[in-house]
Amino acid sequence: MAPRKTPVVSRNPQLIRGVGKYSRSKMYHKRGLWAIKAKNGGVFPKHDPKPKAAATPVKPSKFYPADDIKMPLPNKRKAKPTKLRASITPGTVLILLAGRFMGKRVVFLKQLTSGLLLVTGPFKVNGVPLRRVNQAYVIGTSTKVDISGTNVDKFDDKYFAKAAEKKNKKGEGEFFEADKEEKSELPQDKKDDQKAVDAALLKSIEAVPDLKSYLAARFSLKAGMKPHELVF
Amino acid sequence: MVKGREGERVRLYVRGTILGYKRSKANQYPNTSLIQIEGVNTKEEVAWYAGKRLAYIYKAKVKKDGSHYRCIWGKVSRPHGNSGVIRAKFTSNLPPKSMGDRVRVFMYPSNI
């Protein structure tokens, strides 16, 4: 059977489980079976069964397991990306709490399908490139930057995947030399992507007084600062 | 250390003091430690810190993973009493020599 294009919806609302609102005769009228019959000359239309494809001969199995094993139930769950906090919207300035760039203030671009947040320094301002970061390691501030000029559609989790490493054949003498050539340069198209995203961002950043130096400065706790009392 | 953090030192943790183990008068339970966080004085203020990660950092003579510094990670679990002390559980129990020592209370996993 071809799959249905519209989902099956019942025209008979349930009053309680097992009890519908309409009787059989009312449902007959609601479904319009009388109209179908009228169109077909008083008889419900019949279709001849489609010719069945010749059944391939099924070979009897040679192997029968000794005990009946219990099959686990199929798991059809799909993971959703983490719920984004209300304080984090595209264009928000975030403070990174851990990692190589801890304390840096960065601009949030969008949430990727894996749930991670895509952020950028911008690179020229504070040295943070296009990067993914986990929402739990970030504080959302109330400062917003206008990112309407940027196009971030091309970035997804696959863009950040590690490049597949070339398989090095085992060669005794080449072992020591091969290690020295490992350092990989950042491909030029990634640098161009960075520049493209940052160009539009820098314009909106420079439009706001002091925002550029704010993003360039790092956040730090000082003496007497209590995070549970700070308003970010 | 990672090159990206050379030069500017930023403190993104709150200082805390290890007071000792959870205990009654004559018995102590070393799987839970009590921590006093700087600047936190009531149990309502502790609510912000629930679930935050803690690190007890200490030095050792033998280099491990290229460093003399070692760390025991833990989490803030709940307030202890009315005056801002917290109970914390660590991946392995804190050693008794840590009583009175510094612990770092990080601001992650963050909720703001």
Side-chain angles (χ1 to χ4, degrees), chain A residues 82-89 92-106 108 115-117 119 121 123 125-129 131 133-144 183 186 213-232, chain B residues 1-17 35-57 66-67 69 71 73-80 82-88 102-112:
Chain A
T82 359
K83 187 161 172 222
L84 202 57
R85 271 181 252 150
S87 60
I88 302 178
T89 59
T92 312
V93 173
L94 306 174
I95 301 177
L96 299 179
L97 292 174
R100 186 169 166 197
F101 298 105
M102 65 169 153
K104 296 264 192 198
R105 297 173 168 107
V106 294
F108 167 63
L116 299 172
L117 312 180
V119 294
F123 187 70
V125 175
N126 54 20
V128 180
R131 204 163 202 262
V133 79
N134 189 313
Q135 207 189 156
Y137 294 88
V138 138
I139 291 181
T141 63
S142 51
T143 314
K144 313 274 181 212
K183 232 191 160 181
L186 193 64
S213 44
Y214 172 69
L215 290 175
R218 283 172 108 158
F219 173 81
S220 176
L221 285 176
K222 296 278 158 71
M225 275 171 109
K226 304 179 195 177
H228 62 274
E229 285 174 3
L230 289 179
V231 176
F232 285 98
Chain B
M1 293 297 271
V2 180
K3 278 221 163 152
R5 272 186 272 127
E6 264 176 25
E8 196 183 352
R9 306 281 152 163
V10 287
R11 177 165 70 88
L12 285 166
Y13 57 86
V14 186
R15 291 181 282 246
T17 315
I35 313 279
Q36 170 80 273
I37 305 181
E38 235 179 58
V40 179
N41 295 317
T42 59
K43 70 173 185 210
E44 287 75 26
E45 291 174 6
V46 171
W48 190 92
Y49 293 89
K52 299 285 183 282
R53 304 206 72 197
L54 301 168
Y56 168 61
I57 296 167
S67 167
Y69 289 89
C71 175
W73 284 97
K75 287 187 194 181
V76 174
S77 75
R78 49 177 285 192
H80 180 81
N82 293 324
S83 303
V85 178
I86 55 141
R87 295 189 198 180
R102 176 70 70 228
V103 80
R104 296 189 186 188
V105 185
F106 293 101
M107 302 206 281
Y108 54 82
S110 157
N111 198 23
I112 32 176

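Residue numbers begin at 1 in each chain, while the letters A, B, ... track the order of the sequences. Since we're looking at a predicted model, the values are computed, not measured.
Only the side chain of F232(A) comes within less than 4.5 Å of a heavy atom in chain B; its backbone stays farther off.
Contact check for M107(B) versus L221(A): side-chain heavy atoms found under the 4.5 Å cut-off.
Across every non-hydrogen atom of P227(A) and V14(B), the tightest pair is CG-CG2, 3.4 Å. The two residues L96(A) and L12(B) have their closest heavy-atom pair at O-CD1, 3.8 Å.
In this view, R11(B) satisfies the side-chain hydrogen bond (donor to acceptor under 3.5 Å, both in side chains) rule with no residue, not counting sequence neighbours.
The distance from atom OG of S110(B) to atom CG of L94(A), rounded to the nearest 0.5 Å, is 9.5 Å. Interatomic distance, N111(B) CG to S87(A) OG, rounded to the nearest 0.5 Å: 8.5 Å.
Contacts of residues 46-55 of chain B with chain A at a heavy-atom distance below 4.5 Å involve W48(B), Y49(B), listed in sequence order.
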